[in-house]
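Convention: sequence-line order gives letters A, B, ...; per-chain numbering from 1.
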2 protein chains.
Amino acid sequence: MARQAKYEELRQELLAEMAGSAPHTPLPTEREISARHGVSRNTVRQALDALETSGSVYRVQGAGTFVAPPVVSKSLALTSFSEDMRERDLVPASRLLAAETVRAGRQIAERLGIAPDAEVVRVSRLRLADGSPMCLENVHLPADRVPGLAREDLSGSLYALLTERYGLQIRSAEQVVRAVDLDETESALLGVPVGVSGLRVQRVGLDRRDTPVEATTTLYRADRYDIRFTVRRSRP
Amino acid sequence: MARQAKYEELRQELLAEMAGSAPHTPLPTEREISARHGVSRNTVRQALDALETSGSVYRVQGAGTFVAPPVVSKSLALTSFSEDMRERDLVPASRLLAAETVRAGRQIAERLGIAPDAEVVRVSRLRLADGSPMCLENVHLPADRVPGLAREDLSGSLYALLTERYGLQIRSAEQVVRAVDLDETESALLGVPVGVSGLRVQRVGLDRRDTPVEATTTLYRADRYDIRFTVRRSRP
DNA sequence: TAGTGGTCTAGACCACCAT
DNA sequence: TGGTGGTCTAGACCACTAC
């Protein structure tokens, strides 16, 4: 059994202690937290690093660490549709449109790093939030890595299925976001007027060896969906 | 003068050494890099952390650290329009549409955390890439923090001007991305047909104390612009 | 000038991977 | 099993902030 890391435990404790504090309230100094919780200062810094990355605190050298003001957006993380919807307080659901094995084709092959005539499993689903359409999702996976997938239960989380049934863990993803005009079929499925805008997210999911496992194109209704995130200046 | 940190120096050296290597080539072990460069292993890990975040290497516990395969997207960082275009090998330019002092109004006031009747400087610019329109940019700044801004030279980088002239450093930003239908005026300025889609990015720039400094809405041509980034699974 | 976060060291043990 | 990255310790000095 993998034990919880100390800095992770500390992170959660600090988050709980901060819960009632006003923005810009100073946290105890790193040395104080270190002494009070009986851990080294490096461990405290690991916990604070995580809290800073997630946008919960900010640090000013020479001054201290402070509770960050509430933000609209936390930093972007890789989430499944279900997780994404639950974070927005919406109830996720799914309607399977197609599940079949086909040849990859040039574009999918390039994204997955396989041969164009290799077989891929294509799973097409209409995803719902609070009972009404939110997006169209089209997933492609190399067929040899997911034998029998098309016959599995595809109503729930695909990521969970990949992990439990096939031992495939998606650890990161490359995404390309673009605005597009929806065509007639897409508009009809999403329940919006013809010709309005949609948000298209193309994703390539990678395993821990940075090898492509999944290529997904998702088409969101522009009137119900946006992407929120925090960015930081990297190197000055 | 601020000296360069050792881990930053090491990061650049490792990046240079990796330049010719094939994807998945193992790097030396952390202990080896440590010995060879005469730094502690923690410092090596700081350098590797940065390289992992930027998508240059990936690490597998128990196995090693490896050169990451080339990716379409690096992790998202806060960049100015000029920096963004240069990364895409395009030449940035600018046409000033308006620079004036106005009342904030409800929406801008909320984003900047100021009173609705407070004064803000509004700078509206058409931004060009390789000579043709790329986006419409509308920046709002609290007037009391940038006195005289409307009379400055606004043809170049606004971020540089804010830093040099007013000592304002934008360290992070919250962004909201959405697909929208362009109206007649917007289409005309961007040089696209009426009714096509645009990508709208709303940004609130924050200083090192997480205080809002700038609220910007940028409208990109969907046919010329997309957003690319890498996301990682956060906590399992 | 005192105190803060930022960087760095030289150890140590653990969890995990390949063999 | 031996070697890897992941975590952790107990120090130290530096750069910067606030007073």
Interface with DNA chain D, restricted to residues 55-70 of chain A and to heavy atoms under 4.0 Å:
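Within this stretch, A:Gln61, A:Gly62, A:Ala63 sit under 4.0 Å of the strand.
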Check each residue of residues 34-46 of chain B for a non-hydrogen atom within less than 4.0 Å of any atom in DNA chain D, then write out the ones that pass by number, or none.
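Heavy-atom cutoff 4.0 Å gives B:Arg41, B:Asn42, B:Arg45.
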With [X] via side chain to side chain donor-acceptor pair (under 3.5 Å) - residues at least two apart:
| X | result |
| --- | --- |
| B:Ser172 | none |
| A:Asp84 | A:Arg88, A:Tyr225 |
| A:Asp49 | A:Arg59 |

What integer distance in Å separates [X]:[atom1] from [N]:[atom2]?
| X | N | atom1 | atom2 | answer |
| --- | --- | --- | --- | --- |
| A:Gln4 | C:dC14 | CD | P | 18 Å |
| B:Arg209 | D:dC16 | CZ | P | 15 Å |
| B:Glu8 | D:dC14 | CD | P | 21 Å |
| B:Asp49 | C:dC8 | CG | P | 13 Å |
| A:Glu30 | D:dC14 | CD | C1' | 14 Å |
| B:Lys6 | D:dC13 | NZ | P | 14 Å |
| B:Arg31 | C:dA10 | CZ | P | 15 Å |
| A:Leu48 | C:dG6 | CG | P | 9 Å |

Pairwise side-chain hydrogen bond (donor to acceptor under 3.5 Å, both in side chains) hits with a residue in residues 102-119 of chain B, at least two apart
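Every pair satisfying side-chain hydrogen bond (donor to acceptor under 3.5 Å, both in side chains) with a residue in residues 102-119 of chain B: B:Arg111-B:Thr217.
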Applying ring-ring contact (aromatic ring centres under 6.0 Å, His included), name anything that partners B:Tyr58, two or more places apart in sequence or on another chain.
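Only B:His24, B:Phe66 meet the ring-ring contact (aromatic ring centres under 6.0 Å, His included) criterion with B:Tyr58.
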Which residues pass the salt bridge (charged side-chain N to carboxylate O under 4.0 Å, His left out) test with B:Glu174, not counting sequence neighbours?
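Scan of B:Glu174 (salt bridge (charged side-chain N to carboxylate O under 4.0 Å, His left out), adjacent residues dropped) gives none.
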Under the side chain to side chain contact (heavy atoms under 4.5 Å, CB included) test, residues paired with A:Val102 that sit two or more places apart:
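Here the qualifying residues are A:Glu100, A:Val120, A:Arg122.
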Which nucleotide, D:dT7, D:dG5, D:dT17, lies nearest any side-chain atom of B:Arg208?
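Nearest nucleotide to the side chain: D:dT17.
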Filter on ring pair (Phe, Tyr, Trp, His ring centres under 6.0 Å), then keep only pairs touching residues 32-57 of chain B, sequence neighbours left out; what's left?
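Qualifying pairs, neighbours excluded: none.
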Keeping to residues at least two apart or across chains, list the ring pair (Phe, Tyr, Trp, His ring centres under 6.0 Å) pairs with something in residues 140-172 of chain B.
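Passing the test, one end in residues 140-172 of chain B: no pairs.
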Scan side-chain atoms only and decide if A:Asp153 and A:Ser155 contain a donor-acceptor pair under the 3.5 Å cut-off.
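Distance-only check passes for A:Asp153 and A:Ser155.
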Can B:Ser82 and B:Ser80 be counted as having a side-chain donor-acceptor contact under 3.5 angstrom?
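No donor-acceptor contact under 3.5 Å links the two side chains.
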Which of residues 14-23 of chain B sit near DNA chain C, with a heavy atom under 4.0 Å from it?
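Hits under 4.0 Å, by residue number: none.
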Is there a side-chain polar atom (N or O) of B:Tyr7 under 4.0 Å from OP1 or OP2 of C:dC8?
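Indeed not, no polar side-chain atom of B:Tyr7 lies that close.
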